[in-house]
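Beneath this line is the structure, given in structure tokens, with notes to follow.
Because only heavy atoms are used, hydrogens play no part in the values below, and waters and symmetry mates are left out as well, while side chains stay in. Numbered from 1 within each chain, the chains take letters A, B, ... in sequence-line order.
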Amino acid sequence: MNEVLLKVENLKTYFFMKRTIVKAVDGVSFELRRGEVLGLVGESGCGKSATALSIMRLIPHPGRIVDGHIYFKGRDLLALSEKEMRGIRGKEIGMIFQDPHNSLDPVYTVGWQLSEAIMLHAPKKMDKKSILRKVVDILGKVGIPTPEDRHRDYPHQFSGGQKQRIMIGMSISNVPDLIIADEPTTALDVTVQAQIIDLMKQLKEEYNVSIILITHNLGLVAEMCDKVAIMYAGKIVEIGGVEEVFYEPLHPYTKLLLKSIPRVDIDMPRLEHIPGSVEGAYEIEEGCRFYPRCPMAMDKCRDTLVRAYSKGDHIVYCHLYEGGEG
Amino acid sequence: MIKREHLEILMESKLLITGLAILVSLILIAIFAGYIAPYDPIAQDFRPKQPPSSEHLLGTDELGRDVFSRLIYGSRITLYVSFLSIGVATLFGLPMGLIAGYYGGAVDKAISFIIDILLSFPAIILTILITAMLGPNLTNAMLSISVAFTPRIARIVRGQVLSVKEEDYVVASKAMGGKGWYIMLRHILPNSIAPLLVQVTLALGSAVIIESSLAFLGLSAQPPTPSWGDMINRGRRYIYTAPWMLTAPGIMITIAVLGFNLLGDGLRDVLDPRLRRV
Amino acid sequence: MASHLVRVDNLKVYYEKKTGLLSLSKKYIKAVDGVSFYINKGEVLGLVGESGSGKTTVGKALAGIIHPTSGHIYIEDKDLYALKGEEQRRVKMKIQIIFQNPFSSLDPRMRIKDIIVEPLRIMGTKDIDYDAIAKELIEKVGLSIHHLNRYPHQFSGGQRQRIAIARALSTNPDLIIADEPTSALDVSIQAQILNLMWDLQKELNLSYLFISHDMGVIRYISNRVAVMYAGKLVEVGDTKTVLESPLHPYTQSLLKAVPIPDPKKARRERIVVGEPPDPANPPPGCRFHPRCPHKMDICNRMEPEEIEVNSGHRIMCFLYQEK
């Protein structure tokens with residue numbers, strides 16, 4: 001098995017609003033090996049993006065990482081200076097965002113923006129020719145036709161899918177160890193989404209890069225990930241290999257979630273739905289945050305701290321499994 | 001319908017509270033001028049150009065009138081002119097902007113053309129032009145300010161309408177068969193009021209400056225009516241011998257404009273996040 | 001033919017595109033370019049397509065929001081856009097629409113009880129108890145009467161979509177056009193709304209034109225499905241038939257591209273290349289030909305005619321032209 005590349009331990013990221021504290025990430029732990037793809041799944045506001053931004057140390061005000069460790073290649077990212085962190089962002093950890101239309105600056109050519117990304121982290125000054133060669137090479141690699149001409153074009157001359165390809169090119173331009181992709185295909189059409197996923201898979205093989213794929217789409221996770229972590233209201237409720245979690249889900253939330261997706265490949269008589277909404281879940285301090293909506297809820301779910309129960313690499317945070325392997 | 005939480009949000013904006021405090025005091029001063037002012041503002045009863053003393057808090061002017069009393073009464077003209085002229089400007093600008101923005105097409109082109117022409121003059125030049133043509137008096141000064149601000153209000157409303165009319169609830173209302181006037185009054189206007197309120201408040205501040213400038217040039221209320229602009233104009237001649245004549249109204253104008261601007265900025269702070277949330 | 005609730009005949013919606021200050025030639029975006037279909041009473045027709053396919057425009061033309069450039073829409077054999085005044089309004093009231101974004105489809109300055117009965121008020125219906133109707137409808141969509149005095153910002157996305165559904169039901173419609181009603185919602189909330197719409201459809205014998213880009217949602221809710229690509233309808237048929245044995249190469253590639261939440265069914269095949277065309281400048285002939293894996297000579301020269309392969313299963317593709 002490959003070495004552990006990233007180990008997140010008890011991460012807590014809180015947002016300090018005027019009247020309240022929103023515990024967007026509240027005690028998240030997971031690890032990721034080299035070459036592995038982890039899907040971070042959950043509904044909007046569950047803290048999946050905040051987890052990603054915490055790893056990049058890009059949490060916007062009024063948010064703050066209040067506790068935990070993020071070990072990346074053995075170093076705790078939370079102990080680094082801002083300058084050291086800048087050296088890691090874009091070099092060792094790349095990031096791809098949701099909306100390709102806003103991620104590129106409209107006033108510069110894509111070639112210029114790509115070369116900027118390369119030069120920011122170049123060990124020594126590179127001459128213009130070799131930078132251009134590299135830019136053209138990367139654009140070709142992410143599937144932009146005739147890259148030797150198109151690097152001179154501006155973002156608006158590319159389609160949405162092509163822009164996302166260029167963003168992916170930027171993220172791999174410095175051969176990172178980890179790429180964090182935050183809903184990279186949500187803004188794209190299905191047929192284009194499939195192409196982008198294929199590209200990411202292909203680049204993953206080529207560079208042996210680890211990927212954290214943040215998404216609400218369980219189909220994408222099934223297609224692309226090795227491991228999956230299901231988040232609910234700032235906490236991971238279940239984490240494990242994709243097949244284990246999809247075929248033998250343990251947490252009631254995961255079970256309901258999987259049954260609430262209308263599927264194109266099979267007939268579904270009636271969708272399961274999760275009653276109620278996530279509202280108020282963040283205020284639950286000691287108990288399980290899913291408890292108010294859980295069909296299996298017991299008395300102790302209300303106020304007893306949930307522990308992790310594991311079956312090999314498959315970990316679930318739920319009182320139902322008390323007494324199993326702990 | 002004002003609930004506690006609304007009040008709390010209002011109280012949070014220090015700008016708004018400060019601006020509101022200034023304006024409320026000014027309005028009270030204007031209303032109760034007769035009780036506050038120690039002397040008749042027009043009576044030339046005293047020795048001219050007396051420096052401030054316990055008898056005359058801000059001294060007297062070149063005709064022997066009490067500057068403090070004139071200042072108090074002067075607030076009436078200033079507030080009267082700015083509220084009335086901006087009120088009239090809103091009365092005309094609002095429907096213009098609403099119709100132009102909602103119907104678009106040729107109607108919009110025609111209205112926008114008029115707006116653009118009027119806006120190509122700086123407000124102060126336009127008002128001077130109009131009062132000079134119609135004759136210098138209070139009514140014409142107000143009229144000119146209204147003319148200058150109508151296109152400004154109309155343009156703001158039009159922009160707001162253009163964005164609100166794309167909202168699905170407006171489209172939905174159209175799908176239900178709602179008529180133009182119904183949609184404008186029921187959906188577009190209520191959802192355009194908040195930003196308009198901000199702009200109207202800021203326009204009131206500008207109107208204070210313009211009115212004072214017109215008065216300074218002798219194009220507004222005619223003597224002996226006390227007005228701040230006119231007081232500055234008189235004081236200008238005695239700036240070295242009786243500086244209080246000029247300083248006092250100057251400060252008052254600054255305070256009044258500041259009040260409107262603080263209130264406007266405060267309203268923007270308070271209204272905008274609420275708009276974004278809903 | 002008389003049995004159809006809705007019949008759309010050769011519908012075209014073109015928009016004028018401003019190409020700049022000095023350009024003399026007008027350009028048209030052919031958002032919908034000759035689309036025909038029908039919906040029966042009590043039937044759900046799913047309309048799928050990617051962005052720019054024109055599916056939303058079809059919905060808006062049916063809802064009376066966008067006037068078609070040409071073609072006809074018949075509601076119970078009455079030509080919607082040929083009717084005038086009061087009669088047109090009466091027919092229009094039988095069609096209601098639910099929008100994609102529940103955060104912009106409810107007026108933030110209106111109370112829920114006024115939002116729900118707004119269509120009735122606009123219609124000018126007299127001698128009815130608006131409050132009683134609002135009470136009945138809000139419970140029908142799974143909210144409670146104490147919600148009636150609140151404003152939209154006090155509700156979540158799913159609850160707002162329920163309110164929008166209640167509003168659509170207020171006129172007792174025959175047809176509801178649902179324009180991606182769940183795509184702004186989370187999966188678990190989507191399931192709630194889909195189930196609600198399913199139940200209401202059965203209970204009230206409603207017809208839906210259900211517009212979506214999500215093939216799973218379409219399979220769940222619709223009896224028949226129509227697939228659009230670049231302003232054209234490329235395949236129509238019974239939902240199960242179309243989704244399990246699609247005939248048009250576009251439908252085939254679309255279905256292959258849908259990620260399935262089942263790790264063992266993960267896709268291995270190479271999928272279609274390229275992206276949907278710019279609606280202002282669609283390719284000649286069959287609009288899918290630049291991306292089509294089965295492209296023939298004829299495809300970029302001529303537009304395929306619509307043909308019926310089995311009863312009710314119709315496609316526009318030269319591959320099936322001879323058969």
Looking only at side chains, do B:Tyr169 and C:Glu118 share a donor and an acceptor under 3.5 Å apart?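 No, no side-chain donor-acceptor pair sits under 3.5 Å.
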
Just checking, is any N or O donor in the side chain of B:Asp168 or C:Ser105 under 3.5 Å from an acceptor N or O on the other one?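 No, no side-chain donor-acceptor pair sits under 3.5 Å.
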
Atom of C:Asp107, atom of B:His187 and distance for their closest heavy-atom approach: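 Looks like OD2-ND1, 2.6 Å.
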
Please give me the minimum heavy-atom distance between C:Ile122 and B:Ser173, naming the atom from each residue.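 It is CD1-OG, 3.6 Å.
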
Take atom [atom1] in [X]; do more than 12 heavy atoms of anything else shown fall under 6.0 Å from it?
X: B:Tyr80; atom1: OH; value: no
X: B:Arg155; atom1: CZ; value: no
X: B:Phe121; atom1: CZ; value: no
X: B:Tyr182; atom1: OH; value: yes

At under 4.5 Å between heavy atoms, what parts of residues 84-102 of chain C are in contact with chain B? List them by residue number. C:Arg89, C:Met93, C:Gln96, C:Ile97, C:Phe99, C:Asn101

Under a 4.5 Å heavy-atom criterion, the part of residues 46-69 of chain C in contact with chain B comprises C:Ala63, C:Ile65

To the nearest 0.5 angstrom, please state how far the CZ atom of C:Arg109 sits from the CG atom of B:Leu189. 10.5 Å

Measure distances from [X] to the heavy atoms of chain B and classify the residue's part below 4.5 Å as side chain, backbone, both or neither.
X: C:Asp114; answer: side chain
X: C:Met123; answer: neither
X: C:Pro119; answer: both

Evaluate the criterion side-chain contact (heavy atoms from CB on, under 4.5 Å) for residue pair C:Arg121 and B:Met176; output intermediate values, then yes/no. CA-CA 10 Å; C:Arg121 286 229 169 89; B:Met176 295 169 207; over 6 Å; no

